[in-house]
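Here is the structure we will look at, set down as structure tokens.
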Amino acid sequence: MKKLLVLLVLVVGLSGDEFEEFSSELETKEVSDPLSGYNRVMTSFNDGAYEYVLRPVASGYRAVVHEDIRRSVSNFFDNLYYPHRFVNNLLQGKFVNAYEETQRFVINSTVGLVGLFDPAKSYFDIKAHDEDFGQTLGFYGVGSGPHIVLPLWGPSNLRDFISMVPDSAMGPLELSISDDRKEHTPSITYTEYAAIKSFSVINLMSLNIDKYDKIKEDAVDLYPYLRDLYEQYRAKQIEE
Amino acid sequence: MIKRFLLICIALVFTLNLHANEQEDLKKHFLNKIDEVILIVEDNSLTKDKRNSEIIDILAPMFDFELMAKLSLGKVWKKLSKGDQEKFVERYVKRMEKSYSSKVDSYNNEEVKVNKVQQPKKNRIVLITDLVGKDESLDIVYKYYKPKKAKVKKDTWLVYDVEIKGVSILKADKAQFREFLQTKSIHELMDVLVENNR
């Protein structure tokens, strides 16, 4: 009789709701968010800037310039930032990836006509390994710190924000900024830099307009939604 | 002694095999579903609404949207009245269906590849897939579980979460709902879901 009871309890216990079992699996830790007030305001600002300025400009540009050209522009800028991918791969001990990045740079800069095309991927099947300094710090166990929404740039956190400094120190465009133009050395002024950078952003955006809209469709509360997407995405990138 | 050992070995091999079959079957089933969806997407004779409803009919048995609705609310779920629970599930399911059809709408000849199948637990299977497009590929992970009791009009294995580029949609919903509910009520949340469904 006793045995039967125990068995019964066991059976009932086992067939209980799946809810409990999954709750523990999906337990998410709360992100540190002391700046939530500011972040919320900045998210609405960015969203407004996107809806009323960036999107119209990017869609106009998309309507005029053929997709293949815009892809090539995007490839060109990607190729330019090879040094920062190379260094961050090395810093994380990902030697094979650093080597493949180098192969990509050599192939795309030559056969790919200064990086306008990506034959490394399409013909040689060498994939890109994007790494930035934020990922490098994350790799060595540096936590993300508080979430910060940057003006126009969008979601970030303290670690990734600070990492922009060493990353831009390796950026070829950033390196060639100088106030006085010297002869025979490629240099650009701050205004030119801002113009080039805006162009690359608009170009990239023109290739991804639908993506932001699709993400926004699922948002009930835009700020925490974007914050969570960003932090989950970065955690995954660092893990890889 | 040896006999017993052999028996255990056989039993082990047998269960391993069973699992392998389970995984293989699920993978096949998943790819079949995708093929069915692609056929409909590419059928130009259908109106958009008709197409979307057919796609939902194919995909719905694969997902446990009800469970996702519950889980997305976390601890709040248990505090809701029966009526609110039903209402919330209904709206959440509608929202998911709409969200899926809108994603499928942007389909552009991508190819779905299953890269890996994992079974972390007896009643969990994870399909690691790639949506390979012209220029980039998107890694999408489908997380399945096997309910203890089979559900009406549902597959044996059900998707309870999808991860796109490492972002779990269930976790993201959980995060935004939690924050929303800190200052607003569940009824306001349901109103927003209805608005999103329009």
Side-chain angles (χ1 to χ4, degrees), chain A residues 11 13-31 33 36 39-40 67-68 70-72 74-75 118 121-122 127-128 147 207-211 213-240, chain B residues 64 66-68 70-75 77-78 95-96 98-99 102-103 105-106 108 120-121 123-124 134-137 139 141 143 145-149 158 160-161 163-184 188-193 195-196:
Chain A
V11 169
L14 283 175
S15 61
D17 206 322
E18 268 108 19
F19 187 77
E20 297 298 332
E21 195 187 336
F22 282 98
S23 297
S24 53
E25 188 179 317
L26 289 164
E27 214 47 75
T28 41
K29 46 178 188 288
E30 212 130 342
V31 250
D33 198 358
S36 66
N39 283 339
R40 261 183 194 282
E67 188 185 335
D68 291 343
R70 288 181 285 127
R71 282 236 178 264
S72 282
S74 156
N75 287 341
D118 190 356
K121 194 174 133 204
S122 43
K127 289 193 188 90
H147 189 79
L207 291 165
N208 294 296
I209 290 182
D210 303 333
K211 280 189 193 147
D213 293 346
K214 289 260 180 293
I215 287 174
K216 234 173 87 170
E217 266 174 17
D218 293 329
V220 162
D221 196 347
L222 190 60
Y223 164 61
Y225 193 59
L226 291 181
R227 180 191 66 202
D228 195 70
L229 294 190
Y230 180 79
E231 297 295 345
Q232 276 201 55
Y233 178 59
R234 290 297 285 176
K236 170 79 178 182
Q237 280 185 318
I238 289 164
E239 190 193 297
E240 275 175 353
Chain B
D64 194 342
E66 289 80 7
L67 177 66
M68 294 169 85
K70 290 180 197 176
L71 294 171
S72 72
L73 281 184
K75 289 183 192 115
W77 170 257
K78 296 218 155 153
R95 167 175 171 266
M96 283 314 239
K98 193 185 158 237
S99 165
S102 125
K103 306 275 180 311
D105 268 344
S106 52
N108 186 17
K121 273 197 221 167
N123 58 348
R124 296 272 199 290
K134 201 171 63 179
D135 293 293
E136 45 179 1
S137 67
D139 55 310
V141 175
K143 293 181 166 179
Y145 84 105
K146 190 177 181 180
K148 278 153 199 150
K149 264 190 281 169
L158 298 172
Y160 67 95
D161 191 11
E163 279 179 17
I164 304 168
K165 281 193 160 191
V167 177
S168 142
I169 54 166
L170 195 48
K171 279 185 192 163
D173 269 347
K174 215 177 156 189
Q176 64 168 342
F177 291 170
R178 183 174 53 204
E179 190 129 339
F180 188 93
L181 292 174
Q182 274 170 6
T183 51
K184 294 179 185 114
E188 284 170 280
L189 176 60
M190 289 201 263
D191 288 344
V192 177
L193 289 184
E195 237 158 73
N196 281 6

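The sequence lines fix the lettering, A, B, ..., with proteins before strands; numbering per chain opens at 1.
A salt bridge links A:Arg227 and B:Glu179; the closest N-O separation between the charged side-chain nitrogens and carboxylate oxygens is under 4.0 Å.
Using a 4.5 Å cut-off between heavy atoms, B:Leu189 contacts chain A through its side chain alone, with no backbone atom that close. A:Lys211 touches chain B through its side chain: at least one heavy atom from C-beta onward sits under 4.5 Å away, while N, CA, C and O do not. Only the side chain of B:Asn123 comes within contact range of chain A, with heavy atoms under 4.5 Å apart. At a 4.5 Å heavy-atom cutoff, A:Ala128 makes no contact with chain B through either its backbone or its side chain. Contacts between A:Arg71 and chain B at a heavy-atom distance below 4.5 Å involve the side chain alone, from C-beta outward. Within the 4.5 angstrom heavy-atom criterion, no atom of B:Lys184 approaches chain A. Contacts of A:Lys121 with chain B are made by side-chain atoms alone, with heavy-atom separations under 4.5 Å and no backbone atom involved. With a threshold of 4.5 angstrom between heavy atoms, A:Tyr230 does not approach chain B through any atom at all.
Under the rule for a side chain to side chain donor-acceptor pair (under 3.5 Å), the partners of A:Asp218 that lie at least two apart in sequence or sit in another chain are B:Ser99, B:Lys103. Residues satisfying the side-chain contact (heavy atoms from CB on, under 4.5 Å) test with B:Glu66, not counting sequence neighbours, are B:Asp64, B:Val89, B:Val93, B:Lys154.
Judged purely by atom type and a 3.5 angstrom limit, A:Gln232 uses its side chain to pair as donor or acceptor with the backbone of B:Ser168. Proximity of a side-chain donor or acceptor of B:Asp161 to a complementary backbone N or O of B:Leu170 within less than 3.5 Å is detected.
Contact tally against chain A (heavy-atom pairs below 4.5 Å) for B:Lys165, B:Arg124, B:Glu163: the top residue is B:Arg124.
A perpendicular orientation is assigned to the rings of B:Tyr145 and B:Tyr160, their planes being inclined by more than 60° (bins at 30° and 60°).
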* **B:Leu71 vs B:Lys174, side-chain contact (heavy atoms from CB on, under 4.5 Å): CA-CA, chis, key distance, verdict** => CA-CA 8 Å; B:Leu71 294 171; B:Lys174 215 177 156 189; over 6 Å; no
